[in-house]
Amino acid sequence: MPDSDAILLGLNPAQRKAVEHIDGPLLIVAGPGSGKTRVITHRIAYLVQTTGLSPRRICAVTFTNRAAKEMRNRLERIMGPQAQQVTASTFHALCATILRRDGESIGIPSDYVIFDDGDQMDAIKRSMEAAELDPKRYPPRSLLSAVSSAKSQLMSPEAYLAHAKSYYDEVVQRVYVEYEALLRRSQGLDFDDLLAKTAKLFKEAPDVKAKYQDRFVHLMVDEFQDTNMAQYQLAKDIAGKFQNICVVGDPDQSIYSWRNADLRNILSFQKDYPTAQVVNLDQSYRSTKTILQAARTVIAVNTQRLEQELWTDNEQGEPIVMAEAYNEEDEAQEVLKEVDRLCRTEKYSLRDCVVAYRINAQSRALEEACLRYGIPYRLIGGVRFYQRREVKDALAYLRLLQDPYDEISLARVINEPPRGIGKKTWDDFTRWTKQQGIPMYAGFQVLAGDDEHGPSTDHPFGARQAQSMVDFLQLLNGLRTDAAEMDLPHLIDEVLSRSGYRAHMMESDDTDVEERLENLKELRGVTAPYADMPALEGLQAFLENSALVQDQDAIGEEEQQYLTLITLHQIKGLEFPVVFMVGMEEGLLPHTRSMDDPTQLEEERRLAYVGMTRAKDRLYLLRAFRRRVLGNTAPGAPSRFLNAVPLHLVSPGIGVKAKVRAEPVVYDRRKTTNVDIPVNVAPPFKAGDKVSHGSFGQGIIVSCNPAGGDFEVTVAFLGESGVKRLLHSFAKLDKVS
């Protein structure tokens, strides 16, 4: 293991300050690209080297197995074999180990089983039966989510009832009681229990808590902005004796409230630990000055944050490109054209580029464009659009309307949704039609018989199974007949409705049911260009086109080079030289669900900030004038986050000249071409100053930057005025004390 000087070598002053902090609580506010993992691992090595502390008395926890593995690998490179003694794991893994060893103190056997998501759903359904609740009225997935939220807040069923504010809360509590009883009978714990039961163990068994407090002299928590109440309490308990708790995080990158993450944990850390030293890792090693300044300006409007002036020694870099395309297909085409140009004429490769978007359904246009132009790509965290289960199911129904003898499609949807034709029945039917020497579709017709004599009895199936297959035949025939009276988009509606597929999905317990419904809406939207044709004629053209796309799905999968497609939630923790953020429109980013909730709107702004700060060299922000997404086509307003980017950092580009901002900007373009403010002239305002304007009212300064002999002042005005960019010499802004 290297000596302490070697461990500190190469650290900047802020990083070194954090590493050298030995005793007492420590809050490290780590901006994007500031080297937080390096600080954590070097601090662990420094503690061992300088204090002589045994590595087994240090605990470092994070949120993902990937992050924990990276932490262990770095420790091994610095510390060698000693790294194996450090407890470096996820919160859940640490708690699982503690409960295995000491859970019997609160009645948890050491051989407890962990209920996965499927087990939890089964348990919720049985609990609902015990509570005599109708799953059609109360979706099981929603009830499980409510129970999970209660556990993350360390609320027992009794405590939950005490805080109930509605009849639905009472329903949740009834299910919660039955659910907990079932888990106890099964000697099982769910994922939330791993945290909640460990917190309970520490509360009810002081000797057990003391054992872990004595063992772990130092505790470090990464991604602290993502902790929930249970995790915060666990960290507080473990560090309770020595108070050597070091938390690392960035409120500006908190984007997981839907997973019960509580931003207040990091914002109020100094209140709970008033002696805490605060270290700001404010030097970014990732992004150019231009990208960093733009991202800072976007996030500065948020109120739930810790003020930090992120800076970099990196070069100024290229301007941020803003562009507007006509629709999502044009948007995808513009992205690929620019990717091609970057790869041909500059230093970049496909793997240097990433396209990020707000919702998974947006990948469809990008995937189709990649396949059409032969661009290898990798879809992160998802299945290709036309290979997604619900899309393939819907296409199989459509193919059967075009060709009822398509046995591949028939086998796919014969019992999707379930209609009493299970695997054994289907295997028997397949065998019987082969023996009869007839196609499967003809087999259905034989079972149905003719109108004069009624259903046939000359078959080996029971009455119920036979009737189920006859019903399926009537479904197909009815849809084929009625298709003559409708267009393709409405035919898809009828297929999903009359087959029961949509209703079955809405009652589904899948965690991604909302996303799957969005994909079906997107599929319907894709068929819009065929709406002026008869349904079956349009269907034939559409299926031919989609089949051509599918035939190219394997392009580049074995190649080293590929373009990355990813959601903004999944891109956190990654970095790329070139980032394209598409769908920068009101309703997408920020998402329409956040519009009426200031807290959710701030999280959407953090999501934009996370996306922007993934870029090292170049950042492209694109939007479509009209977008067909989730089944609707309509003009969309530019995202308010586009308006927050200072104009002198922006280059309208990649061949698109349309306006990308939401409203006119008050500025003189002739004065923004050069920055010639004398260096000794101080800006008239600083971020956070309160000001008043004669027309727009009161507001808060977001930024004040030199602009062609003047200062461009960005102000977030209260009320409906929103964010404005004004020239100081014309704006007549007055400071408000």
Side-chain angles (χ1 to χ4, degrees), residues 56-65 67-69 71-72 85-124 127 144 147-160 176-223 226-241 245 259-261 265:
R56 71 178 301 274
R57 304 196 71 183
I58 299 175
C59 178
V61 290
T62 186
F63 278 80
T64 66
N65 291 321
K69 181 179 179 181
M71 191 182 296
R72 288 192 294 268
Q85 299 179 50
V86 177
T87 298
S89 70
T90 65
F91 264 108
H92 289 86
L94 174 65
C95 290
T97 300
I98 292 174
L99 291 174
R100 294 281 183 206
R101 293 173 178 169
D102 300 289
E104 290 185 352
S105 297
I106 56 172
I108 298 175
S110 59
D111 59 348
Y112 69 83
V113 295
I114 298 176
F115 277 36
D116 63 17
D117 185 73
D119 298 328
Q120 291 176 55
M121 284 308 309
D122 290 340
I124 281 288
S127 301
L144 179 59
V147 170
S148 174
S149 178
K151 289 187 176 186
S152 73
Q153 298 176 65
L154 300 178
M155 297 177 68
S156 66
E158 296 73 26
Y160 189 88
Y176 192 1
V177 169
E178 298 291 346
Y179 179 75
E180 286 293 274
L182 192 155
L183 287 177
R184 284 195 300 272
R185 293 194 301 270
S186 305
Q187 297 188 4
L189 302 178
D190 63 21
F191 289 118
D192 295 303
D193 281 330
L194 295 177
L195 305 175
K197 298 299 184 185
T198 305
K200 181 181 180 182
L201 172 66
F202 286 165
K203 182 178 181 180
E204 298 183 5
D207 56 326
V208 174
K209 179 170 70 172
K211 180 174 73 171
Y212 289 97
Q213 287 180 338
D214 286 335
R215 174 178 172 180
F216 293 127
V217 177
H218 283 272
L219 172 68
M220 298 184 212
V221 184
D222 191 16
E223 302 289 3
D226 294 332
T227 54
N228 60 28
M229 185 181 294
Q231 290 159 328
Y232 186 74
Q233 184 61 49
L234 287 168
K236 196 172 182 179
D237 285 341
I238 292 173
K241 180 177 181 179
I245 179 173
R259 294 180 184 171
N260 300 313
N265 290 345

Quick one: sort the Tyr176 and Tyr160 rings into parallel, tilted or perpendicular, breaks at 30° and 60°. perpendicular
Measure the spacing between CZ of Arg57 and CD of Gln85 and express it to the nearest 0.5 Å. 12.5 Å
Apply salt bridge (charged side-chain N to carboxylate O under 4.0 Å, His left out) to Lys211 and list each qualifying residue two or more places apart in sequence or on a separate chain. Asp102
Salt bridge (charged side-chain N to carboxylate O under 4.0 Å, His left out) filter on Lys241, not counting sequence neighbours, yields Asp214
Should Asp190 and Lys151 count as side-chain neighbours, where that means a heavy-atom distance under 4.5 Å? yes
Is there a side-chain contact between Asp193 and Glu180, using heavy atoms and a 4.5 Å cut-off? yes
Partner residues of Phe63 under the ring-ring contact (aromatic ring centres under 6.0 Å, His included) criterion, sequence neighbours left out: Phe91
When the side chains of residues 228-238 are checked against the rest of the protein, which donor-acceptor pairs come out under 3.5 Å, sequence neighbours left out?
| residue | atom | partner | partner atom | Å |
| --- | --- | --- | --- | --- |
| Asn228 | OD1 | Ala230 | N | 3.1 |
| Asn228 | OD1 | Gln231 | N | 2.9 |
| Gln231 | OE1 | Asn228 | N | 2.8 |
| Tyr232 | OH | Asp272 | OD2 | 2.3 |
| Gln233 | NE2 | Asp237 | OD1 | 3.0 |

Using atom types as modelled, flag every donor-acceptor pair under 3.5 Å from a side chain in residues 194-201 to any protein atom, sequence neighbours excluded.
| residue | atom | partner | partner atom | Å |
| --- | --- | --- | --- | --- |
| Thr198 | OG1 | Leu194 | O | 2.6 |

Can you list every salt bridge (charged side-chain N to carboxylate O under 4.0 Å, His left out) pair that touches residues 85-95, not counting sequence neighbours? none
Show the numbers, then the answer: is there a side chain to side chain contact (heavy atoms under 4.5 Å, CB included) between Glu204 and Ser105? CA-CA 8 Å; Glu204 298 183 5; Ser105 297; over 6 Å; no
Partner of Asp192 by side-chain hydrogen bond (donor to acceptor under 3.5 Å, both in side chains), out of Ser152, Ser149, Ser148: Ser148
